[in-house]
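Everything numeric here is computed off the predicted structure, so don't read it as measured data.
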Amino acid sequence: STWGHFITSHTFDNFKTLFMSGIQNLTTYDPFADEGELGNIGVIHIRIQQRNGRKTLTTVQGIAEKYDKKKILRYCKKEFACNGTVINKDEYGEVIQVQGDQRDNIADWLKRNEIATDDKIKVHGF
């Protein structure tokens with residue numbers, strides 16, 4: 001009976017450890033979440049999101065409020081020959097979404113038009 005108690009208590013401890021470590025892996029991933037919110041003030045994040053098949057979306061978040069996102073989008077759509085939209089997220093404000101992988105194009109465009117400097121643009125993905 002002591003041996004049976006030994007096995008069950010150790011099995012339960014192992015199960016508990018495995019179960020708890022498995023729960024930690026179930027946390028949701030937020031592609032808009034910043035790594036260390038402080039210190040990233042004024043940083044523009046350009047990310048890519050996989051849709052279905054070969055389709056991707058490029059999102060631009062963190063452009064200052066003084067800029068008109070719809071105007072920026074209009075110029076980008078014309079220059080990169082793609083479609084896009086401005087969505088309003090409660091947590092992040094206005095986010096520009098553009099079809100396709102336009103990360104480098106948008107980063108270059110923002111620098112060229114002096115909306116952001118190189119150190120204020122963070123390109124994420126792949």
Side-chain angles (χ1 to χ4, degrees):
S1 80
T2 1
W3 184 248
H5 174 71
F6 176 79
I7 289 176
T8 53
S9 67
H10 280 284
T11 307
F12 179 71
D13 287 342
N14 290 343
F15 173 75
K16 191 166 73 174
T17 307
L18 282 170
F19 184 71
M20 293 313 250
S21 67
I23 285 178
Q24 291 170 346
N25 291 337
L26 291 177
T27 56
T28 57
Y29 171 69
D30 186 359
F32 290 108
D34 295 336
E35 304 84 28
E37 294 275 336
L38 294 169
N40 276 344
I41 297 165
V43 176
I44 296 176
H45 295 276
I46 303 174
R47 295 181 174 84
I48 188 165
Q49 291 179 314
Q50 193 71 36
R51 288 193 322 141
N52 44 13
R54 296 171 45 212
K55 308 278 185 193
T56 55
L57 268 183
T58 302
T59 58
V60 185
Q61 170 211 342
I63 296 176
E65 290 296 315
K66 65 181 180 179
Y67 295 109
D68 185 358
K69 314 304 183 297
K70 290 192 189 312
K71 255 186 189 172
I72 292 173
L73 178 65
R74 193 177 321 130
Y75 286 107
C76 287
K77 283 167 58 171
K78 189 168 262 188
E79 190 167 323
F80 311 143
C82 64
N83 202 359
T85 186
V86 176
I87 57 171
N88 206 346
K89 293 271 191 177
D90 294 338
E91 305 161 65
Y92 317 110
E94 290 182 313
V95 177
I96 296 175
Q97 283 187 340
V98 182
Q99 289 180 352
D101 185 0
Q102 306 291 346
R103 291 172 297 175
D104 296 333
N105 292 339
I106 289 176
D108 291 340
W109 191 91
L110 292 172
K111 288 180 224 167
R112 230 181 19 245
N113 291 285
E114 298 175 3
I115 293 174
T117 55
D118 203 21
D119 61 318
K120 289 291 183 185
I121 296 176
K122 186 152 169 70
V123 179
H124 301 271
F126 304 144

ILVMFWY cluster, I46 and L57 together (side-chain gap under 4.5 Å): no
Distance in Å, K66 NZ paired with I115 CD1, rounded so as to fall on 0.5 Å steps: 10.0 Å
Residues forming a side-chain contact (heavy atoms from CB on, under 4.5 Å) with K71, sequence neighbours excluded: D68, R74
Side chain to side chain donor-acceptor pair (under 3.5 Å) partners of R112, counting only residues at least two apart: E79
Spatial distance of atom CZ (R103) from atom CG (D108) [nearest 0.5 Å]: 12.5 Å
Donor-acceptor under 3.5 Å (K69 side chain, A64 main chain): yes
C82 vs Q102 side-chain heavy atoms within contact, under 4.5 Å: yes
Nearest atoms (heavy-atom pairs only) where N88 meets E94: OD1-N, 4.0 Å
Heavy-atom side-chain proximity of N83 to K77 below 4.5 angstrom: yes
Euclidean distance, H124 NE2 relative to H45 NE2, rounded to 0.5 Å: 5.0 Å
Minimum heavy-atom distance I48-G125, with the two atoms named: CG2-CA, 4.1 Å
K70, NZ atom: more than 12 neighbouring heavy atoms under 6.0 Å: no
D101 side, atom CG; F80 side, atom CZ - distance, nearest 0.5 Å: 11.5 Å
Note, T59 side chain near I87 side chain (heavy atom, < 4.5 Å): no
Heavy-atom check, side chain of K120 versus side chain of I44, under 4.5 Å: no
Verdict with reasoning, L73 to V60, per side chain to side chain contact (heavy atoms under 4.5 Å, CB included): CA-CA 10 Å; L73 178 65; V60 185; over 6 Å; no
Atom OH of Y67: over 12 foreign heavy atoms under 6.0 Å: yes
Approximate separation, where rounding is to 0.5 Å, of W109 CH2 and I121 CD1: 11.0 Å
Side chain to side chain donor-acceptor pair (under 3.5 Å) against D119, all qualifying residues, sequence neighbours excluded: T117
From CD1 (I96) to CD (Q61), nearest 0.5 Å: 11.0 Å
